Amino acid sequence: MPDISLTVVVVLCLASLAAGWIDAVVGGGGLLLLPAMLLGLPAGTPAAYALGTNKAVAIVGTTGAAVTYARKAPVDVRLAVRIGLAALAGSTAGAFVAAGMSTDVLKPVVMVVLLGVGTFVMLRPAFGTAPSTEPVSARRVLAAIGLAGLGIGFYDGLIGPGTGTFLVLALTALLHFDLVTASATAKIVNCCTNAGALATFAWKGTVYWQLAALMAVFNLVGGTVGAHTALKRGSGFVRVVLLTVVFALVANLAYQQWIA
């Protein structure tokens, strides 16, 4: 357990609660949780400890949300696991590439993509509001495994922010899911990528397990409540949260690229 004050621990727990809710609804909880970890840990703490502890916290909330969705939403668990395994392989490859290059050159590209996505969702009010009645073709399933699995998994290992949001958008576009079903499927995929990342950080010994255990309780509550909120409020509500998170991601990446 790092030497931090009770006040900071409380703030980190509240941030974990809010991040769990955001992540369960539409992804992007790391936008709140990881910066809170970086600011809350003692000065001079290697970033790897913030990243490792963050993953240990996030996997609990993600799992809680995934279980809640799987019980109450029409989720194809087998398909989600297939995409998740591809994402696990992609994130591992992305992490290896990230070790030898600067990801700053990619951030402007990601910002442009996010702005395009946000504009598209704003101009298409019907996007993700209802599932397609047509059966999903094998070609679309393979495309989802390739893009949402390998592609976004690679991005998660390479850069990371907004992975859950990208998954929701890709699953909605490729498999014609409504936004609630896409969020549910994305949580199962996220469980796979988080597990791989956490295993790596644990192997390197860069996880504050006591702090993670405490924050994980709050993240689990936030994730479970967030999943129930999305199921109750429906795709229209998820769409509003999605747009908010997309533009928050753009602002966050712009700050990192040109101001920080």
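Here the structure is a predicted model, which means the values were calculated and not measured.
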- Message: If hydrophobic clusters are built from ILVMFWY residues whose side chains come within less than 4.5 Å, do Val168 and Met122 share one?
- Response: yes
- Apply side chain to side chain contact (heavy atoms under 4.5 Å, CB included) to Cys191 and list each qualifying residue two or more places apart in sequence or on a separate chain. Thr62, Thr63, Ala66
- Task: Check side chain to side chain contact (heavy atoms under 4.5 Å, CB included) between Leu14 and all other residues, then give those that pass, not counting sequence neighbours.
- Result: Val10
- Message: According to salt bridge (Lys or Arg N to Asp or Glu O under 4.0 Å), does anything in residues 9-25 pair up with another residue at least two apart or in another chain? List the pairs.
- Response: Asp23-Lys187
- So which pairs with a foot in residues 24-42 pass salt bridge (Lys or Arg N to Asp or Glu O under 4.0 Å), sequence neighbours left out? none
- Message: Considering only residues two or more places apart or on different chains, which pairs with a residue in residues 183-206 satisfy ring-ring contact (aromatic ring centres under 6.0 Å, His included)?
- Response: none
- Message: Check whether Arg140 reaches the backbone of Leu175 with its side chain - one donor and one acceptor, N or O, closer than 3.5 Å.
- Response: no
- Taking side chain as C-beta onward, heavy atoms only, is Leu198 less than 4.5 Å from Val207? yes
- Query: If you measure from CG on Leu211 to CG on Leu214, what distance do you get to the nearest 0.5 Å?
  - Reply: 7.0 Å
- Message: To the nearest 0.5 Å, what is the distance between CG on Leu171 and CZ on Phe177?
- Response: 6.0 Å
- Note on the structure: OG of Ser91 to CG of Asn190, rounded to nearest 0.5 Å, is 10.5 Å
- Task: Among residues two or more places apart or on two chains, list those pairs meeting ring-ring contact (aromatic ring centres under 6.0 Å, His included) that have a residue in residues 53-72.
- Result: none
- So do the side chains of Ile145 and Leu150 get within less than 4.5 Å of each other, counting heavy atoms only? no
- Message: Applying a strict under-4.5 Å side-chain criterion to I, L, V, M, F, W and Y, I'd like to know whether Ile152 and Leu115 cluster together.
- Response: yes
Side chains of residues 72-89: which donor-acceptor pairs under 3.5 Å do they make with residues two or more places apart or in other chains?
residue : atom : partner : partner atom : Å
Asp76   : OD1  : Arg78   : N            : 3.3
Asp76   : OD1  : Leu79   : N            : 3.1

- Message: For a quick test of reading the model, state the closest non-hydrogen atom pair linking Ala202 to Trp209 and the distance between them.
- Response: CB-CZ2, 3.8 Å
- What pairs with Thr224 under side chain to side chain contact (heavy atoms under 4.5 Å, CB included), at least two apart in sequence or on another chain? Thr68, Leu220, His228
- Message: Enumerate the salt bridge (Lys or Arg N to Asp or Glu O under 4.0 Å) contacts for residues 240-254, please, sequence neighbours excluded, ordered by first and then second residue.
- Response: none
- Message: Using the rule side chain to side chain contact (heavy atoms under 4.5 Å, CB included), only one of Leu179, Thr172, Val26 pairs with Arg239; which is it?
- Response: Leu179
- Where do Ser183 and Val238 come nearest, in terms of heavy atoms and distance? OG-CG1, 4.0 Å
- Do Ile22 and Phe166 belong to the same hydrophobic cluster, where Ile, Leu, Val, Met, Phe, Trp and Tyr are linked whenever their side-chain heavy atoms lie under 4.5 Å apart, directly or via other members? yes
- Task: Locate the shortest heavy-atom distance separating Ala144 from Leu174; write the atom from each residue and the value.
- Result: CA-CD1, 3.7 Å
- Task: State plainly whether one hydrophobic cluster holds both Val225 and Leu17, where clusters connect Ile, Leu, Val, Met, Phe, Trp and Tyr through side-chain heavy atoms under 4.5 angstrom apart.
- Result: yes
- Message: Check whether Thr244 reaches the backbone of Val240 with its side chain - one donor and one acceptor, N or O, closer than 3.5 Å.
- Response: yes
- Got a sec, which residues hit side-chain hydrogen bond (donor to acceptor under 3.5 Å, both in side chains) with Thr119, two or more places apart in sequence or on another chain? none
- Query: Where is the tightest heavy-atom contact between Gly223 and Ala24, given as atom of each residue plus distance?
  - Reply: O-CB, 3.1 Å
- Item | Single-linkage hydrophobic cluster, 4.5 Å side-chain cutoff, Val8 and Met215 together | yes
- Message: Within the 4.5 Å heavy-atom criterion, are Asp178 and Thr181 side-chain neighbours or not?
- Response: yes
- Item | Qualifying residues under side chain to side chain contact (heavy atoms under 4.5 Å, CB included), relative to Phe237, sequence neighbours excluded | Trp21, Val25, Thr229, Arg233, Val241
For residues 28-56, which side-chain donor-acceptor pairs fall under 3.5 Å, sequence neighbours excluded?
residue : atom : partner : partner atom : Å
Thr45   : OG1  : Pro42   : O            : 2.7
Thr53   : OG1  : Tyr49   : O            : 2.7
Thr53   : OG1  : Tyr208  : N            : 3.0
Lys55   : NZ   : Asn194  : OD1          : 2.9

